[in-house]
Q: 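Take a look at this one; I'll ask things after.
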Amino acid sequence: EVQLVESGGGLVQAGGSLRLSCATTGFTFDDYAIGWFRQAPGKEREGVSCIRRSDGGTYYEDSVKGRFTISSDNAKNTVYLQMNSLKPEDTAVYYCAADSRGSQVWALCYYGMHYWGKGTLVTVSS
């Protein structure tokens, strides 16, 4: 059974940093695309950043480029999202997701993935 468990959310001031973690079980880590999505109140869910280790594919949504970094630790089957220079508009519930399809990483990040975690709340105060 695929399981994704997010952690690391919280309250931070604008300009601050947070690191989100997504602990995964139940699948071969390298073969899946894994990503971070977010949904702010009243807005649609959007793909923030995604990665697939088997082909090195990565994707970043334009508004987070240069501020967020996605990485993975194979030994721990964990994906991280380092978020720096946070802005109030980054406030959202952040979800970890995974997908085994071979589609390009950007497409999976844009259209959504198959397996989802329950989310962790990130609040950035101004």
Side-chain angles (χ1 to χ4, degrees):
E1 179 187 6
V2 173
Q3 290 192 330
L4 307 165
V5 180
E6 304 96 335
S7 62
L11 173 64
V12 64
Q13 289 188 330
S17 299
L18 282 175
R19 188 177 80 157
L20 304 183
S21 299
C22 174
T24 74
T25 57
F27 61 93
T28 303
F29 192 71
D30 270 6
D31 293 341
Y32 276 57
I34 303 173
W36 290 96
F37 295 74
R38 67 185 179 187
Q39 187 165 23
K43 294 188 177 181
E44 292 187 355
R45 184 190 66 203
E46 64 176 353
V48 175
S49 182
C50 299
I51 188 170
R52 182 166 53 213
R53 286 186 59 90
S54 62
D55 61 9
T58 57
Y59 167 87
Y60 290 95
E61 194 270 330
D62 284 347
S63 70
V64 307
K65 286 180 180 177
R67 299 190 298 124
F68 292 10
T69 303
I70 192 168
S71 63
S72 62
D73 185 333
N74 262 22
K76 296 182 178 180
N77 287 350
T78 299
V79 173
Y80 303 98
L81 186 68
Q82 178 67 43
M83 306 187 295
N84 299 328
S85 302
L86 283 161
K87 304 175 181 180
E89 51 263 43
D90 294 317
T91 294
V93 177
Y94 283 70
Y95 298 91
C96 179
D99 201 297
S100 63
R101 290 174 291 177
S103 307
Q104 293 189 41
V105 171
W106 73 265
L108 294 171
C109 214
Y110 184 81
Y111 292 108
M113 295 187 179
H114 186 69
Y115 300 99
W116 294 87
K118 294 183 178 180
T120 185
L121 177 63
V122 172
T123 304
V124 184
S125 63
S126 58

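Atoms considered below: every heavy atom in the structure, side chains included; atoms not considered: hydrogens, waters and symmetry mates. Please read these numbers as outputs of a predicted model, since none were measured by experiment.
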Q: Leu108 and Trp36: same hydrophobic cluster, using ILVMFWY side-chain contacts below 4.5 Å?
A: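 Leu108 does not cluster with Trp36.
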Q: If I take atom CZ from residue Arg52 and atom OG from residue Ser100, how far apart are they, to the nearest 0.5 angstrom?
A: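 Reported to 0.5 Å precision, the distance equals 10.0 Å.
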Q: Going hydrophobic residue to hydrophobic residue with side-chain gaps under 4.5 angstrom, can you get from Phe37 over to Leu81?
A: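 Looking at the clustering, Leu81 is in a separate group from Phe37.
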Q: Between Asp30 and Ser54, is any side-chain donor less than 3.5 angstrom from a side-chain acceptor?
A: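 No, because no side-chain N or O of Asp30 sits under 3.5 Å from a partner of the opposite role on Ser54.
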Q: Going hydrophobic residue to hydrophobic residue with side-chain gaps under 4.5 angstrom, can you get from Tyr32 over to Phe29?
A: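 Cluster IDs for Tyr32 and Phe29 match.
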Q: May I ask you to test the Met83-Arg67 pair for a side-chain heavy-atom distance under 4.5 Å?
A: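 Side-chain contact under 4.5 Å: no.
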Q: Tell me whether Tyr94 shares a hydrophobic cluster with Met113, the cluster being built from Ile, Leu, Val, Met, Phe, Trp, Tyr side chains joined at under 4.5 Å.
A: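 Tyr94 and Met113: separate clusters.
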Q: For the pair Lys118 and Glu6, find out whether any cationic side-chain nitrogen is under 4.0 Å from an anionic carboxylate oxygen.
A: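 So Lys118 does not pair with Glu6 through a salt bridge.
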Q: Hey, quick one: are Tyr95 and Val122 part of the same hydrophobic cluster, counting side-chain heavy atoms closer than 4.5 Å, chains of contacts allowed?
A: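 Shared cluster, no.
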Q: Does Trp116 reach the side chain of Arg45, with side-chain heavy atoms less than 4.5 Å apart?
A: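 Yes; the side chains approach each other to less than 4.5 Å.
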Q: Thinking salt bridges, do Asp62 and Lys65 make one under a 4.0 Å N-O criterion?
A: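 A salt bridge links Asp62 with Lys65.
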Q: Does Asn84 use its side chain to pair, donor to acceptor, with the backbone of Ser17 at less than 3.5 Å?
A: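 Flag not set: sc Asn84 to bb Ser17 has no pair under 3.5 Å.
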Q: For the residue pair Trp106 and Tyr110, categorise the inter-ring angle as parallel (less than 30°), tilted (30 to 60°) or perpendicular (more than 60°).
A: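 Tilted.
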Q: May I ask you to decide if Ile70's main-chain N or O and Tyr60's side chain share a donor-acceptor pair within less than 3.5 Å?
A: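 Yes; judged by distance alone, with no hydrogens or angles, the pair exists.
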Q: Do other residues, nucleotides or ligands put more than 12 heavy atoms under 6.0 Å from the CD atom of Glu46?
A: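 Yes, the 6.0 Å shell around CD holds more than 12 heavy atoms from other groups.
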